[in-house]
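Step one of this worksheet: look at the structure below.
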Amino acid sequence: MIEPVSISPAALVEIKNILENKGIPAEYGLRITVRGAGCGVALKLGFDQKKEGDIEYKVEDVRVLIQKKEMLFMVGKRLEFYDEADARGFVFVDGK
């Protein structure tokens with residue numbers, strides 16, 4: 001399966017850190033969802049169990065969960081982790 005959302009190495013390290021250190025249950029995966037945002041959509045992250053209608057794939061050992069109906073908004077996106085003096089956090093960018 002082609003990954004609809006790719007994950008950069010830096011983002012993957014941070015996701016694994018969260019999974020290991022924040023008490024996230026082992027059966028949970030990284031959920032990427034779509035939320036309305038003004039004139040467009042915003043992609044959001046969280047941790048959740050697999051639900052009916054989910055597409056699931058793995059990046060290394062991290063389970064990624066996306067609702068099938070939301071795939072159109074995510075194909076071709078890449079999750080990055082930004083860590084600079086002015087800000088720190090996850091961001092979605094176009095491209096692989």
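The analysis underlying the following values was restricted to heavy atoms, covering all of them including side chains, and did not include hydrogens, waters or symmetry mates. The shown structure was predicted, so the numbers you read here are calculated from the model rather than taken from an experiment.
- Val5 places a side-chain heavy atom less than 4.5 Å from the side chain of Ile66.
- Considering only heavy atoms from C-beta on, Tyr28 stays 4.5 Å or farther from Leu65 through its side chain.
- Rounding to the nearest 0.5 Å places CD1 of Ile7 at 13.5 Å from CZ of Phe81.
- Counting non-hydrogen atoms of other residues, nucleotides and ligands closer than 6.0 Å to NZ of Lys44 gives a total of 12 or fewer.
- Residues Asp48 and Thr33 fail the side-chain proximity criterion, which asks for heavy atoms closer than 4.5 Å.
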Would Lys77 and Asp94 count as a side-chain contact (heavy atoms from CB on, under 4.5 Å) if you check the C-alpha gap in whole Å, the side-chain angles of each, and the deciding distance to 0.1 Å?
CA-CA 5 Å; Lys77 297 293 184 188; Asp94 290 328; 2.4 Å; yes
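- Between the OG atom in Ser6 and the CG atom in Leu79 there is a gap of 8.0 Å [rounded to 0.5 Å].
- When hydrophobic clusters are built by joining Ile, Leu, Val, Met, Phe, Trp and Tyr residues whose side-chain heavy atoms come closer than 4.5 Å, directly or via intermediates, Ile15 is not grouped with Tyr82.
- Between the CD atom of Glu60 and the CG atom of Leu12 there is a distance of 4.5 Å, given to the nearest 0.5 Å.
- The CZ atom of Phe90 sits 7.5 Å away from the CG atom of Leu30 when rounded to the nearest 0.5 Å.
- The distance from the CG atom of Leu45 to the CZ atom of Phe92 is 4.0 Å, given to the nearest 0.5 Å.
- In this structure a side-chain-to-backbone donor-acceptor pair under 3.5 Å is present from Arg63 to Glu27.
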Per-pair distances, 0.1 Å, donor-acceptor, side chain in residues 19-26, under 3.5 Å, sequence neighbours excluded:
from, atom 1, to, atom 2, distance (Å)
Asn21, ND2, Asn17, O, 3.0
Asn21, ND2, Asn17, OD1, 2.4

Name the atoms and distances for all side-chain donor-acceptor pairs under 3.5 Å in residues 67-74, with sequence neighbours left out.
from, atom 1, to, atom 2, distance (Å)
Gln67, NE2, Glu52, O, 3.2
Gln67, NE2, Asp54, OD1, 2.5
Glu70, OE1, Val34, N, 3.4

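- The two atoms that bring Ser8 and Arg78 nearest to each other are N-CG, 4.4 Å, heavy atoms only.
- Under the salt bridge (charged side-chain N to carboxylate O under 4.0 Å, His left out) criterion, the residue pairs touching residues 83-93 are Glu14-Arg88, Asp83-Arg88, with sequence neighbours excluded.
- When hydrophobic clusters are built by joining Ile, Leu, Val, Met, Phe, Trp and Tyr residues whose side-chain heavy atoms come closer than 4.5 Å, directly or via intermediates, Ile18 is grouped together with Ile32.
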